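Beneath this line is the structure, given in C-alpha cells, with notes to follow.
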Amino acid sequence: MARIVMKFGGTSVADLDRIRNVASRVRRAVEAGDEVAVVVSAMAGTTNQLVAWCQQLSPLHDAREYDTVVATGEQVTTGLLAIALQEIGVDARSWQGWQIPVRTDAAHGKARIASIEGAELIRRMQAGQVAVVAGFQGLAPDQRIATLGRGGSDTSAVALAAALKADRCDIYTDVDGVYTTDPRIVPRARKLGRIAYEEMLELASVGAKVLQTRSVELAMKERVRVQVLSSFEDKPGTLVVDEEEIVEQEIVSGIAYSRDEAKLTVRGVPDRPGIAAAIFGPLSAAGVNVDMIVQNVSADGSTDLTFTISRADLPRAQATLEAARGEVRYASLLADSDVAKISVVGVGMRSHAGVASTMFATLAAKGINIQVISTSEIKVSVLIAADYTELAVRALHTAYGLDA
Ligand code: ADP
Ligand code: ASP
Ligand code: MG
C-alpha cells in the first residue's frame, strides 16, 4: 500500500474515452490498496485555444484576467474525471486550486507555488476517497486565481506529492518515458531507463517539454520520486533519480530544442557603464526573462546587444524597450521570432572536452549558421534559424552516438 500522485496530461484526457481510460487506471491503483490523488491537465488543445482568445483581444492583456480564462480548462477535466470515477464505483471528488488551497506567489501567468494545505486531502484519501485536483492553478495573494505557466500541471503534481508526503509521483503522458531527444522528431531517439535530476532539469529548461522545469526543480529539492510513463501502455517508464544511481553515464545524455524563442537586437547602443542595467532592468521589472545574451565589441563607441526571450514575451519586451529609448538612446530595435534554440545536455561534460566543438562542426557540415551561443557546466546551446530545427537535432543526435 502506498500513497501516490498520478498526473495525466492533456492528450491523456483529450476526450471521454480517454477520461474513462484514466478512470480505470485510477481504479486499479485504488483496488491495489493505494491512497490516490490525481492531478489533471485540460483536454488537449483547450489551453492553446484559451490563450489565443486572450491574445486576440489584446496582446498586452491583464495577466489576472488571462489566469481567470486559462484556468478553466482544468476545472472541466477534474469534474469529468470525478464523474467517470463515480460511474465505475470509485469514491472521488474534484478540487480546484483555490479550494485546497494551493497558494502561489503574485506572478500571474507564471506563478510559483508557495504552499499547499494538504491535511483535508490526506484525511479524505485515508478514508478511501480519490482527490481529483486541477493542475496548473492556485490562489495568488490577491485572492485571485493564478496559473503556473505552460505545462504547469507537472509542477502541481510534484508539489502535491511533496505536500501529501506521497511515496511516488507518476506523470502519465503520451510518450512512454524520457528519451534522448523528442521522439516525435527523431524516430531513432532512445528511451532512458533513468535520468539524473540535474540533467532532466537542464533538458526541461532548454525545451524538452515532457516535464515542466519547475517540477523537476521541486522534485530535486523535495526528494520526490518522479516517474514519466505512458497513459496508454502498461510498461515501465523513466525514473528521475540522483546522479549516483546511474551506472553508466554518457557524456551527452540528451538533446532538446525550443521554438518558443525570439531574438531581439538593440543596434547602436552607446558603449558606457550602466547600459546593460538600463536595458535589462526594465525588462526584468516587466516580467520578461532574458536567456542568451551577446554583446559585440565596440569600434566607434557604440555596440549591438543581442539577446533572446520567450516568444510569448515579445510584445511586452518591445513595448518596454521602446519606452526605455529616451534613456538608452539606441539606434534601432530588431526582432526575429524565426529562431530556435538547440541544446545538448549531459553531466559528462564536466569532465570531457570537445562537446561544443562537435556541435559546431556538425552544424557547419549541414550548412547551419549559429547566431548566438551559450554554455553552462552541463549544457551547450545555440540559436539557429527555426527552419533548420529538425535537421540540426537529428544530425546532433547521430553525431553524439545517441541513435538507437
Ligand atoms: P502532457 O500533455 O502529457 O503534459 P506534453 O506534450 O507536455 O504532454 O509532453 C509530452 C511530449 O514531450 C511528448 O509528446 C514529446 O513530443 C515531448 N518531448 C520533448 N522532448 C522529449 C524527450 N526528451 N522525451 C520524451 N518526450 C519529449
Ligand atoms: N493545460 C496547461 C497547459 O497546456 C497545463 C498543463 O497541461 O500542464 O499548459
Ligand atoms: Mg506537459
Side-chain angles (χ1 to χ4, degrees), residues 6-14 18 22 39-52 54 66-67 69-78 97 109-111 113 133-138 146-160 170-193 195 199-216 226-232 237-238 240 252-260 312 341-346 389-390 393 396-397 402 404:
M6 306 170 79
K7 180 260 173 178
F8 294 90
T11 40
S12 308
V13 293
R18 291 188 176 181
V22 167
V39 172
V40 285
S41 293
M43 290 167 140
T46 299
T47 311
N48 286 348
Q49 176 63 74
L50 297 168
V51 170
C54 296
Y66 165 94
D67 281 344
V69 175
V70 301
T72 58
E74 274 70 12
Q75 176 161 344
V76 172
T77 43
T78 52
K110 41 182 148 181
I113 295 177
V133 176
F136 186 49
Q137 51 169 267
T147 63
L148 309 181
R150 297 307 306 271
S153 297
D154 298 327
T155 303
S156 307
V158 173
L160 190 66
D170 289 340
I171 307 280
Y172 288 89
T173 182
D174 56 0
V175 284
D176 60 1
V178 178
Y179 281 71
T180 46
T181 191
D182 189 344
R184 295 197 192 292
I185 71 161
V186 180
R188 281 183 291 188
R190 263 193 293 124
K191 183 166 136 188
L192 301 165
I195 184 164
E199 285 174 321
M200 190 63 243
L201 183 61
E202 198 84 70
L203 275 175
S205 75
V206 292
K209 63 171 186 159
V210 61
L211 287 175
Q212 198 200 32
T213 309
R214 178 81 183 121
S215 73
V216 189
V226 172
Q227 183 179 192
V228 176
L229 67 177
S230 165
S231 60
F232 306 112
T238 300
V240 189
V252 166
S253 48
I255 299 175
Y257 65 93
S258 166
R259 294 193 180 99
D260 178 36
K341 183 171 69 171
I342 314 291
S343 308
V344 301
V345 171
T389 307
E390 302 192 358
V393 174
L396 291 168
H397 198 264
L402 296 174

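Note that the coordinates shown come from a computational prediction; the quantities given were computed from them, not determined experimentally. Just so you know, ligand 1 is whichever comes first in the structure, and atom 1 is the first atom listed for that ligand. Values reported hereafter were calculated over all heavy atoms of this structure, with side chains retained and with hydrogens, waters and symmetry mates removed.
Considering backbone and side-chain N/O of Gly149, none are found under 3.5 Å from N/O of ligand 2. Here's the thing with Thr47: one of its N/O atoms is less than 3.5 angstrom from an N/O atom of ligand 2.
Taking the charged nitrogens against the carboxylate oxygens, Asp174 and Arg18 have no contact shorter than 4.0 Å, which rules out a salt bridge. Here Arg259 pairs with Glu390 in a salt bridge; the nearest charged N to carboxylate O distance falls below 4.0 Å.
With Tyr257 as reference, Asp182 is the one residue of Thr181, Asp182, Thr389 to meet the side-chain hydrogen bond (donor to acceptor under 3.5 Å, both in side chains) rule. Checking Val252, Ile185, Val344, Val186 one by one against His397, the side chain to side chain contact (heavy atoms under 4.5 Å, CB included) holds for a single residue, Val186.
Of the listed residues (Val210, Thr238, Asp176), the one carrying the non-hydrogen atom nearest atom 26 (N) of ligand 1 is Val210. In this structure, of Thr11, Asp182, Asp154, the residue bringing a heavy atom nearest to atom 20 (N) of ligand 1 is Asp182.
Ranking the protein heavy atoms by distance from atom 9 (O) of ligand 2 puts Arg150 NE, 2.7 Å first. Looking at atom 2 (O) of ligand 1, its nearest protein heavy atom turns out to be Gly10 N, 3.0 Å. Ranking protein heavy atoms by distance to atom 3 (O) of ligand 1, first place goes to Thr173 OG1, 2.6 Å. Of the protein's non-hydrogen atoms, Ser153 OG, 3.3 Å is the one closest to atom 6 (C) of ligand 2. With hydrogens left out, the protein atom closest to atom 6 (O) of ligand 1 is Lys209 NZ, 3.6 Å, a heavy atom.
At a heavy-atom distance under 4.0 Å, only side-chain atoms of Glu74, from C-beta outward, approach ligand 2.
Expressed to the nearest 0.5 Å, how far OG of Ser253 lies from CD1 of Ile195 amounts to 5.0 Å. The distance from atom OG1 of Thr180 to atom CG of Leu396, rounded to the nearest 0.5 Å, is 12.0 Å. How far OG1 of Thr147 is from NZ of Lys110: 11.0 Å, rounded to the nearest 0.5 Å. Annotation: the span from Leu160 atom CG to Thr155 atom OG1 amounts to 12.0 Å, rounded to 0.5 Å.
In this structure, Gly9 has no heavy atom closer than 4.0 Å to ligand 2. The closest approach between any non-hydrogen atom of Gly152 and ligand 2 is below 4.0 Å.
Each of the following atoms of ligand 1 lies closer than 4.0 Å to a heavy atom of Pro183: 24 (N), 25 (C), 26 (N), 27 (C). Proximity to Asp174 (heavy-atom distance under 4.0 Å) selects the following atoms of ligand 1: 10 (C), 11 (C), 13 (C), 14 (O). Close contacts of ligand 1 with Lys7, meaning ligand atoms under 4.0 Å from a residue heavy atom, involve 4 (O). Applying the 4.0 Å criterion to heavy atoms of Tyr179 picks out, from ligand 1, the atoms 22 (C), 23 (N), 24 (N), 25 (C). Close approach to Ser41 involves these atoms of ligand 2, each under 4.0 Å from a residue heavy atom: 6 (C), 7 (O), 8 (O). Distances below 4.0 Å separate heavy atoms of Gly177 from the following atoms of ligand 1: 24 (N), 25 (C). Within the listing of ligand 1, atoms 1 (P), 2 (O), 3 (O), 4 (O) sit less than 4.0 angstrom from a heavy atom of Gly9. Numbered from 1 in the order shown, with element, the atoms of ligand 1 that lie under 4.0 Å from a heavy atom of Thr181 read 22 (C), 23 (N).
No more than 12 heavy atoms of other residues, nucleotides or ligands sit less than 6.0 Å from atom CD of Gln75.
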| request: For side-chain contact (heavy atoms from CB on, under 4.5 Å), just list the numbers for Tyr179 and Val210, CA-CA rounded to whole Å, side-chain angles, deciding distance to a tenth of an Å, and then say yes or no. | output: CA-CA 9 Å; Tyr179 281 71; Val210 61; over 6 Å; no

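Residues Ser41 and Lys7 share a closest heavy-atom pair of OG-CE, 3.8 Å.
Side-chain atoms of Arg150 and Asn48, non-hydrogen and from C-beta on, do get closer than 4.5 Å to each other.
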